[in-house]
Protein chains: 2
Amino acid sequence: MTPPQSPEQGAEPAGKSLFSLQRRERLMDELRAHGSITVRAIAAELGVSELTIRRDVNLLAVEGLVSRVHGGATLPSPLDRTASMTRPQTNRYSIGMVVPSLDYYWPQVISGARAEADERQAKILVRGSTYDAADNRQQVQALLNTQNINGLIVAPDITGEAGRELLRWLNSLPIPVVLAERRSPIEIPAHRLEWVATDHAFGAGMATRHLWQEGHRKIGCMTDSNSPTSAHVVRGWLQALGALRIPAAQSVNEDSAHVPTSDRAEHFDRILQLCRETDTTAMLVHSDTQAVAFVQHCVDRGVDVPGSMAVVGYDDEVAYLAEPAISAVRPPKQYVGRLAVQLITARISEGPKRPVHRVQLNPDLIVRDSSLGGPRSSAHALEDSL
Amino acid sequence: MTPPQSPEQGAEPAGKSLFSLQRRERLMDELRAHGSITVRAIAAELGVSELTIRRDVNLLAVEGLVSRVHGGATLPSPLDRTASMTRPQTNRYSIGMVVPSLDYYWPQVISGARAEADERQAKILVRGSTYDAADNRQQVQALLNTQNINGLIVAPDITGEAGRELLRWLNSLPIPVVLAERRSPIEIPAHRLEWVATDHAFGAGMATRHLWQEGHRKIGCMTDSNSPTSAHVVRGWLQALGALRIPAAQSVNEDSAHVPTSDRAEHFDRILQLCRETDTTAMLVHSDTQAVAFVQHCVDRGVDVPGSMAVVGYDDEVAYLAEPAISAVRPPKQYVGRLAVQLITARISEGPKRPVHRVQLNPDLIVRDSSLGGPRSSAHALEDSL
DNA sequence: TCTGAACTGATCATGATCGAACAATCCGAC
DNA sequence: GTCGGATTGTTCGATCATGATCAGTTCAGA
């Protein structure tokens with residue numbers, strides 16, 4: 001079917017019918033996130049007929065909010081001569097944006113940034129990059145070379161010496177820079193860098209507490225140290241374990257980085273074995289996709305979810321697709337993008353007098369089936385409460 | 001009177017007929033919580049006819065508080081062409097504000113808050129309190145009792161069990177609460193509390209680095225543990241010492257709390273003696289007033305400032321009054337107030353869907369005479385640079 | 001250039017929602 | 001008690017949102 005779309009944050013895709021206005025908003029979200037949409041895909045996703053979507057597209061096209069193309073729509077393009085002649089086209093700012101991925105997580109951040117930019121008559125120029133400092137820098141440089149950019153939103157790799165060097169370079173750029181989902185570490189005083197990031201440690205803690213409240217007393221954690229957020233997830237999980245008086249040393253804590261897809265099954269088997277040995281009945285799994293794979297594996301092996309193994313995912317990109325649907329921590333991705341644009345535009349217009357802002361946002365916990373009911377065979381379920 | 005409707009869950013469907021104003025309030029609550037409502041559902045829930053709800057929706061739509069759609073209403077959407085082009089129609093919120101002092105530091109915070117509130121046509125009701133949790137709570141309670149408050153900005157005492165209890169209480173209030181210059185500690189998951197605070201650790205680090213750059217190689221710190229910011233100042237100072245490879249163990253670190261004014265002179269003499277013994281040529285002094293007194297004392301004792309003792313104050317309230325004028329870290333007090341009002345109004349109008357925001361602002365370093373020129377008798381001044 | 005597949009827009013049908021007019025009710029003032 | 005204004009409920013034709021059908025159009029590959 002469709003390639004790994006980014007399922008919007010509707011929680012239940014076809015569960016509730018939306019009003020037409022909301023549908024058009026969703027459509028614009030999708031458009032801002034990916035730059036284009038197909039009528040077919042959106043119709044399927046929203047559970048309405050293609051005709052309806054086409055009507056929406058027409059409406060938005062009349063208002064000049066989209067450009068119609070055969071089979072779908074794109075963001076308004078200057079090449080589109082049918083575009084309304086209104087010409088409120090006076091963009092005050094151009095903001096460059098470099099993100100490490102255009103498939104996962106970041107489309108929604110971009111969507112939020114674009115939405116906010118629209119309201120502020122700014123333009124966002126997005127470039128996809130990788131989780132690698134050298135490439136990050138190259139992409140930023142490319143933006144600076146080819147475009148007249150007033151500000152920059154970046155989600156760079158900040159690990160290692162290359163990452164620190166990149167931060168120093170960003171800090172020294174002549175235009176304002178806002179980091180998205182990254183923090184400038186204390187030890188390098190990049191005093192000009194502002195940032196907005198989700199408090200992933202809080203999210204992990206929230207998930208852990210939720211599992212505790214459902215009756216689990218041994219809660220493991222599976223992460224992927226390739227991802228910059230993993231460290232925060234582990235930190236939050238450990239912190240929560242401490243608060244709940246769960247001995248961290250005996251808790252399952254596995255890193256899935258560097259496990260090739262071919263070895264995944266045995267990796268999961270090993271983890272399940274560990275869980276059995278340690279009486280672990282619940283896992284917090286960083287990166288949703290990993291969580292989906294893990295739940296799938298559990299089902300394949302006859303391990304009941306959530307009865308024998310409760311799972312909470314992280315990121316909430318695809319968690320709702322699994323069977324059973326997976327509870328997941330949902331970072332406020334749209335808001336991260338919005339806030340980044342707010343910070344950048346405020347900085348551009350107010351100048352250096354404005355103090356450096358550093359914002360943390362708390363994620364939400366979306367509870368679905370995979371974590372409800374507590375450990376089935378456990379005698380102490382629900383006897384306590386936090 | 002309406003006949004007893006079908007028994008609804010939880011709410012009070014038939015219990016008591018609401019006044020229209022309450023109904024609309026309820027309607028907005030529902031809207032903020034879910035993003036949209038259907039006329040039918042709300043009518044059933046409130047036990048009134050759909051027409052009534054429709055009339056309410058019309059009214060709210062005229063005020064620009066909702067967007068009308070066929071079958072219900074949504075939060076105001078930029079796609080809503082019928083939206084009144086007038087202005088954001090910022091409602092007149094009443095915001096309570098409880099600060100621990102009305103003479104020092106806080107007047108500027110209040111001033112910033114007032115300025116921001118004026119722009120948003122909101123009203124600020126300020127109450128002075130003390131650095132004591134019990135009194136904080138009393139003042140907040142008084143505000144809640146006597147006024148109709150939509151939101152609360154508080155700078156409470158958060159130390160000890162009383163402080164934690166106060167935070168829990170604030171977190172459970174039915175109206176939004178924003179902490180000013182305070183952070184909710186991680187170990188107590190006050191998940192609803194938002195805050196805006198100056199990054200005092202950053203400020204202390206900046207001051208320490210400044211003194212290093214001026215040539216000082218032993219940098220002490222004088223704080224007042226009565227103040228909630230002192231801990232952060234010490235933390236930032238220690239962090240900077242670490243980064244600069246200055247052994248913290250041998251550095252002068254004095255607490256002026258509990259030193260009565262009568263004993264101040266000998267306290268300062270003791271500190272000066274310590275400095276002489278450890279070759280300390282610079283001090284970071286928390287609380288400006290203390291810094292002024294200290295510089296005065298140095299001058300009285302014939303210790304040259306900055307030649308023999310460089311001083312950087314903290315807070316920048318009265319630092320410029322001293323002779324010589326004292327360099328000081330200046331927290332962005334106005335912005336703290338402004339941002340607190342921004343957070344609270346955004347929270348009131350956007351409801352719980354908006355993620356919890358936690359903002360840190362970086363302070364400035366205002367360099368005056370008291371820290372310039374480096375240690376006079378030092379041989380290694382300016383030989384290094386960071 | 002041709003051709004099949006995919007896309008598009010016009011038209012109509014259907015069910016739900018909306019608004020205007022009028023009736024019923026409640027509330028406070030005299 | 002009763003009067004007037006404000007609020008709410010009822011009815012019914014008008015309006016709107018959506019989907020189905022089908023003929024016309026566009027696209028992409030041969």
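Chain A is the first sequence line, chain B the second, and so forth, proteins listed ahead of strands; every chain is numbered from 1. Everything numeric in this text was worked out from a predicted model, so none of it was measured.
- Between A:R40 and A:E50, some side-chain heavy-atom pair lies under the 4.5 Å cut-off.
- Regarding contacts with the backbone of C:dT17, every side-chain N or O of B:R54 stays at 4.0 angstrom or more from both OP1 and OP2.
- In this structure, A:K123 fails the cation-pi test against A:Y93, since its NZ or CZ atom is not both closer than 6.0 Å to the six-membered ring centre and inside 45 degrees of the ring normal.
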(request) Check the pair A:D288, A:I326 against side chain to side chain contact (heavy atoms under 4.5 Å, CB included), reporting the backbone distance first and the verdict last. (result) CA-CA 9 Å; A:D288 235 33; A:I326 302 177; 5.8 Å; no
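- Legend: residues meeting side chain to side chain contact (heavy atoms under 4.5 Å, CB included) with A:P306, ordered by chain and number and at least two apart, are A:A310.
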(message) If you apply the rule side chain to side chain contact (heavy atoms under 4.5 Å, CB included), what do you find for A:L31 with A:R114, and how did you get there?
(response) CA-CA 10 Å; A:L31 203 49; A:R114 284 228 167 91; over 6 Å; no
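- Here A:R68 reaches the OP1 or OP2 of C:dG9: one of its side-chain N or O atoms lies under 4.0 Å away.
- Residue A:V57 is out of contact with every strand shown, counting any heavy-atom pair closer than 4.0 Å.
- Residue A:R40 places no side-chain N or O under 4.0 Å from the OP1 or OP2 atom of C:dA6.
- With no hydrogens or angles considered, a side-chain donor-acceptor pair links A:S371 and A:S327 at under 3.5 Å.
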(request) At under 4.0 Å between heavy atoms, which parts of nucleotides 14-25 of chain D does protein reach? Answer with one letter per nucleotide, 5' to 3': B base, S sugar-phosphate only, - none. (result) --SSBBB-----
